[in-house]
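Please read these numbers as outputs of a predicted model, since none were measured by experiment. Side-chain atoms are counted along with the backbone in the values below, which use heavy atoms only and exclude waters and symmetry mates. Just so we're on the same page: letters track the sequence lines, and every chain starts at 1.
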Amino acid sequence: MFHPGNILFSFIFFFLLWLPGGSGAVHAAKVPDPTEQLRPYVDKVVEILTDPEFKGEEACIKRREKVMELAQERFDFNEMSRRVLGPQWRSLSGDEQDYFVGLFTTLLEHVYIGKIEDYTDQKVAFRDQRVKNDRAQVETDIIDKNVVIPVSYIMLLKDGQWLVYDIIVEGVSLVRNYMEQFREIIRKDGYPSLLKRMEEKIQELQKSIGKPCPTDLSVDQGTS
Amino acid sequence: MARRTLSFILLASAIAVTGIVPRFSPAAANAAEIDFLSDDFYDYDDVSREAGDPLEPLNRVIFRFNDKMYIHVMEPVASVYAAAVPLDLRECIFNFFRNLEEPVRFLNALLQGRFGDSGEVLTRFLINSTLGIYGLGDAATRVFDVPPVEATLGETLAVWGVGDGAYLVVPFYGSSTIRDFTAVVGEGFGEPYYAWTDNYYYMGTVYAGKETNKLSMHLGEYEELKSVLFDPYVSFRNAYFQYRSKVRGQSRSVPDNAE
């Protein structure tokens with residue numbers, strides 16, 4: 001199958017596509033490629049996480065802010081909140097919905113960043129993608145030393161932008177996992193009590209931010 | 001003998017609970033066909049779809065017990081172990097045990113009608129037992145690109161029509177269902193490292209050693225995860241079922257781009 005000519009041809013083809021103006025014209029007509037949109041975001045996050053300037057305890061908060069800034073562009077926290085609340089979402093007023101989105105976004109910040117910043121020398125490999133109408137799944141592997149964590153991004157196409165509304169870590173959907181926890185709380189104690197518990201949880205997590213980042217705690221387990 | 005009786009009772013009760021008629025249907029095991037891109041995925045109630053949780057009060061007690069044991073006993077032991085034994089060696093030990101489990105995996109893949117996968121398991125076993133030096137290295141993955149395949153007895157029972165029974169939290173073991181844990185006990189008969197001895201004390205030691213080794217590679221993950229959860233019991237139950245359908249979905253090796 002291998003043919004040197006093919007490679008040369010792909011190179012030329014690739015080059016032509018990326019000439020100024022060329023790329024936009026080719027892609028605008030069709031559905032944009034989800035991986036191509038996700039990749040720059042992931043690359044930037046990895047860059048921040050592995051940047052020596054952002055390593056260590058004091059840089060922890062700064063690093064989180066940077067990553068969250070990036071995440072705001074690529075994640076659709078509104079869509080995530082709607083899904084995680086299920087039927088409850090529809091019974092809320094606009095203001096109430098906004099308030100929930102705010103809480104849930106802060107919570108996800110801790111969950112998501114806590115997860116990715118564990119892997120200090122990480123690389124991200126893009127494995128595969130699947131597009132179905134306005135939905136897409138991009139499969140990646142986070143590779144850190146000898147550990148490989150499969151992470152999939154579930155995305156929705158909105159105004160030409162693929163926005164993430166769920167993350168699947170090792171086959172476990174984050175949204176669905178929280179959905180079930182929230183549903184149990186709402187069923188047992190009602191929606192106001194869910195809000196109260198979220199506020200408490202966030203306070204608790206904010207406090208632990210001042211302490212060493214998880215990264216600094218877990219360095220010794222791999223290398224010894 | 002007691003072990004045999006215990007596993008028979010468990011199996012019998014699983015069958016009684018679910019009222020099964022053994023019938024081979026690979027699709028049944030994959031009832032929870034997952035498509036993350038479909039809205040149905042976010043619609044259904046996880047537990048009731050796969051297996052109910054009628055034992056929740058008891059399960060919660062065992063969950064709390066496991067939680068305390070994990071934090072106060074298992075993890076401290078594994079940390080000391082991790083500090084004493086280099087990572088490379090720990091990986092060799094992990095590979096060694098995993099390789100010894102391959103014949104049981106092979107049989108299960110075969111019983112599930114996954115002939116391609118069973119061939120891969122056999123290939124892995126042959127390569128790793130020889131070139132991998134008694135299974136210490138995973139030459140099959142690294143050199144020959146034959147990655148690990150999962151095939152459990154629980155899955156085999158599912159394929160043959162045995163229902164889950166109920167969600168179960170097992171002391172020192174964690175999330176399972178009546179069927180799957182019965183299968184785990186049953187698989188114990190097939191694992192050579194439990195056959196080395198007849199003494200339960202030593203069997204327990206082998207299990208503890210194997211698990212400590214595995215845990216030493218995942219230190220601190222549990223606490224960190226727990227800190228962002230509202231109801232760890234519900235979250236772990238949900239994650240167990242989600243993870244299980246992922247492993248089983250993969251093993252059915254449906255090409256992803258089939259549309």
Whether over 12 other heavy atoms sit under 6.0 Å from [X] [atom1]:
{"X": "A:R90", "atom1": "CZ", "result": "no"}
{"X": "B:F97", "atom1": "CZ", "result": "yes"}
{"X": "B:K210", "atom1": "NZ", "result": "yes"}
{"X": "B:I133", "atom1": "CD1", "result": "no"}
{"X": "A:K201", "atom1": "NZ", "result": "yes"}
{"X": "B:Y134", "atom1": "OH", "result": "no"}

Examine whether an atom of B:L229 lies under 4.5 Å from a heavy atom of chain A, and if so say whether it belongs to the side chain, the backbone or both; otherwise answer neither. both
Given the options A:R176, A:E184, A:E180, B:N238 meets side-chain hydrogen bond (donor to acceptor under 3.5 Å, both in side chains) only with A:E180
What residue, out of A:I168, A:L107, A:L156, A:I154, has the most heavy-atom pairs lying under 4.5 Å from chain B? A:I168
Under a 4.5 Å cutoff for heavy-atom pairs, which residue among A:E200, A:M198, A:M155 has the most contacts with chain B? A:M198
So which part of [X] gets closer than 4.5 Å to some heavy atom of chain B, the side chain, the backbone, both or neither?
{"X": "A:R197", "result": "both"}
{"X": "A:L194", "result": "neither"}
{"X": "A:Q181", "result": "both"}

Within this structure, what is the NE2-OG distance for the pair A:H110 and B:S227, rounded to the nearest 0.5 Å? 9.5 Å
When rounded to the nearest 0.5 Å, the distance separating CZ of B:F236 from CG of A:N177 is 9.0 Å
Mind checking whether B:V228 and A:Y178 have side chains closer than 4.5 Å, heavy atoms only? yes
Please answer whether the main-chain N or O of A:S173 pairs with a side-chain N or O of B:Q242 as donor and acceptor at a distance below 3.5 Å. yes
